[in-house]
Amino acid sequence: MKIRTDFVTNSSSSSFIIARKGQLNEKQKEAILDYVESLMSGDAELSDKNKVDEFIEENYISEKYKSDIEKAIDEGKKVYYGYIDFADDMPEWQLRGVYERLWKILEENNPDHFTAIDTDLDY
């Protein structure tokens, strides 16, 4: 457990200490990319042009985006829909969990190049 001995404010920040040698390996990079991709892609996925109307209705998307969605599908792309609620989307406890999971993966997959020294973000 960490004990703060200096001035304490209402700040939600926490400190950590890690050590790293060299570049991240492919498994480590993949872990980071997978996480970022899941955040940025959203939950709803569409690749069937015949289901565009249903996709728009189910996700409360404006009809003005229909042609752009169809065009993207015609180009062989998958369309994703999600949202970010900046007030509630990533509570502090969840953000701490993200860092802790990523650090664990980085360390497990290349302990010679990454060490989680002080990753306890709870106070």
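For the single chain, residues carry numbers from 1 onward in sequence order. These values consider heavy atoms only, across backbone and side chains, with no hydrogens, waters or symmetry-generated copies.
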What residues join I17 in its hydrophobic cluster, counting side-chain heavy atom gaps under 4.5 Å, either direct or through other members?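 Joined to I17, directly or through intermediates: I117.
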Show me the donor-acceptor pairs within less than 3.5 Å that the side chains of residues 44-55 make with the rest of the protein, sequence neighbours left out.
unit_1 : atom_1 : unit_2 : atom_2 : d
E45    : OE2    : K78    : NZ     : 3.2
D48    : OD1    : N50    : N      : 2.9
K49    : NZ     : D74    : OD1    : 3.2
K49    : NZ     : D74    : OD2    : 3.0
D53    : OD1    : K66    : NZ     : 2.8

Answer with yes or no whether the hydrophobic clustering places I105 together with F114; edges join I, L, V, M, F, W, Y residues whose side-chain heavy atoms lie under 4.5 Å apart.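 As far as the 4.5 Å side-chain criterion goes, F114 and I105 are not connected within one cluster.
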Return the set of residues passing ring-ring contact (aromatic ring centres under 6.0 Å, His included) with Y65 (not counting sequence neighbours), or none when no residue passes.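 Scan of Y65 (ring-ring contact (aromatic ring centres under 6.0 Å, His included), adjacent residues dropped) gives none.
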Below 3.5 Å, can you tabulate the donor-acceptor pairs from side chains in residues 19-32 to any protein atom, sequence neighbours excluded?
unit_1 : atom_1 : unit_2 : atom_2 : d
R20    : NE     : G22    : O      : 3.2
R20    : NH2    : G22    : O      : 3.3
N25    : OD1    : K27    : N      : 3.1
N25    : OD1    : Q28    : N      : 2.7
N25    : ND2    : N109   : O      : 2.9
Q28    : OE1    : N25    : N      : 2.7
Q28    : NE2    : L106   : O      : 2.5

I'd like to check the side-chain contact (heavy atoms from CB on, under 4.5 Å) partners of E75; sequence neighbours left out, ordered by chain and number.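 Testing E75 for side-chain contact (heavy atoms from CB on, under 4.5 Å), a comparison that skips the adjacent residues, returns K71, K77.
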